[in-house]
Amino acid sequence: DAGITQSPRHKVTETGTPVTLRCHQTENHRYMYWYRQDPGHGLRLIHYSYGVKDTDKGEVSDGYSVSRSKTEDFLLTLESATSSQTSVYFCAISESITYNSPLHFGNGTRLTVT
Amino acid sequence: DAKTTQPNSMESNEEEPVHLPCNHSTISGTDYIHWYRQLPSQGPEYVIHGLTSNVNNRMASLAIAEDRKSSTLILHRATLRDAAVYYCILRARNSGNTPLVFGKGTRLSVIA
């Protein structure tokens, strides 16, 4: 299994509070991604990174920011959590972004915003 | 990336082969066909990918139609552990920095 650790695994927080989710990899892969998964919507890309300090938005980036100061860590921040951000968040990594390079996913963080 | 169409759900008996279909009628010549699956309470995992020829690995086989407008993921002997959501995704050879986009997939149930 690819070395991907997401923390925390579960979190409950209140509306309006900031939340940071962490993804840590030991594979030295260049590309890292944050997806969210909700019933009826499948997996949707929030943000991704193609190198240290290089990030870009996905299809559902509003309300989220990311940072990547080291190859191994990719942080997802909800500046002011809302109930619509209750979801399961998955981090993924890939060696490259070409057609031939598979994604490897972590086991997810379940976030509940009350 | 071009779009794929998969059945919402399928059912199989344990120890029987399973054929999971995927239609991709707008596929281009440089699109690769990728399959991922997601077991309950886990992140998705890569299964297999191919371009034109059929492909086999330890997890599954991928059969690609001659016109490439459809493909089939084959699990040779379904086990209870194969119950998952299976995603068929097209990935262009020249996709640049564009990440994978997942659809809703096919939910496979395996009956003992």
Side-chain angles (χ1 to χ4, degrees), chain A residues 1-7 9-10 21 23 25 27 29-51 54-61 66 74 87-110, chain B residues 1-9 24 27-53 55 57-60 62 64 68 73 84-107:
Chain A
D1 288 343
I4 307 168
T5 305
Q6 290 187 235
S7 58
R9 291 298 313 278
H10 301 270
L21 308 183
C23 178
Q25 60 143 330
E27 306 296 321
H29 283 353
R30 179 180 172 189
Y31 293 86
M32 299 185 76
Y33 314 81
W34 279 107
Y35 287 86
R36 61 178 287 177
Q37 187 168 41
D38 307 288
H41 288 281
L43 278 155
R44 293 181 291 174
L45 181 67
I46 305 171
H47 281 280
Y48 65 102
S49 169
Y50 44 96
D54 289 324
T55 64
D56 206 346
K57 296 179 180 180
E59 60 181 303
V60 290
S61 59
V66 290
F74 192 32
S87 187
V88 180
Y89 291 86
F90 288 101
C91 172
I93 65 173
S94 66
E95 195 167 8
S96 75
I97 207 161
T98 66
Y99 61 92
N100 228 10
S101 184
L103 265 65
H104 303 283
F105 284 80
N107 283 328
T109 293
R110 184 174 293 277
Chain B
D1 292 326
K3 188 180 165 138
T4 63
T5 304
Q6 299 178 253
N8 290 334
S9 62
H24 27 80
I27 192 170
S28 75
T30 57
D31 284 342
Y32 281 72
I33 302 158
H34 289 246
W35 283 84
Y36 284 74
R37 73 178 186 180
Q38 186 173 18
L39 304 172
S41 301
Q42 294 188 26
E45 64 175 337
Y46 166 79
V47 177
I48 200 166
H49 77 278
L51 181 63
T52 55
S53 305
V55 184
N57 67 20
R58 64 174 180 82
M59 289 180 73
L62 176 59
I64 301 172
R68 300 208 330 120
L73 181 71
V85 178
Y86 287 78
Y87 299 97
C88 170
I89 305 165
L90 299 186
R91 185 76 174 135
R93 186 185 184 100
N94 58 346
S95 49
N97 262 356
T98 309
L100 277 180
V101 176
F102 286 75
K104 296 186 180 174
T106 296
R107 182 173 298 278

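Chain A is the first sequence line, chain B the second, and so forth, proteins listed ahead of strands; every chain is numbered from 1.
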Legend entry - Atom of B:Q38, atom of A:F90 and distance for their closest heavy-atom approach: NE2-CZ, 3.5 Å
Inset, instruction - Decide if atom CD of A:E95 counts as having more than 12 heavy atoms of other residues, nucleotides or ligands within a radius under 6.0 Å. - result: no
Legend entry - Option in A:R44, A:R110, A:E59, A:Q37 with maximal non-hydrogen atom pairs under 4.5 Å from chain B: A:Q37
Legend entry - Contact class of A:L43 relative to chain B, heavy atoms under 4.5 angstrom: both
Legend entry - More than 12 heavy atoms from other groups under 6.0 Å of CZ on B:R107: no
Inset, instruction - Please determine which of B:F102, B:Y87, B:Y46 meets the ring pair (Phe, Tyr, Trp, His ring centres under 6.0 Å) test together with A:F105. - result: B:F102
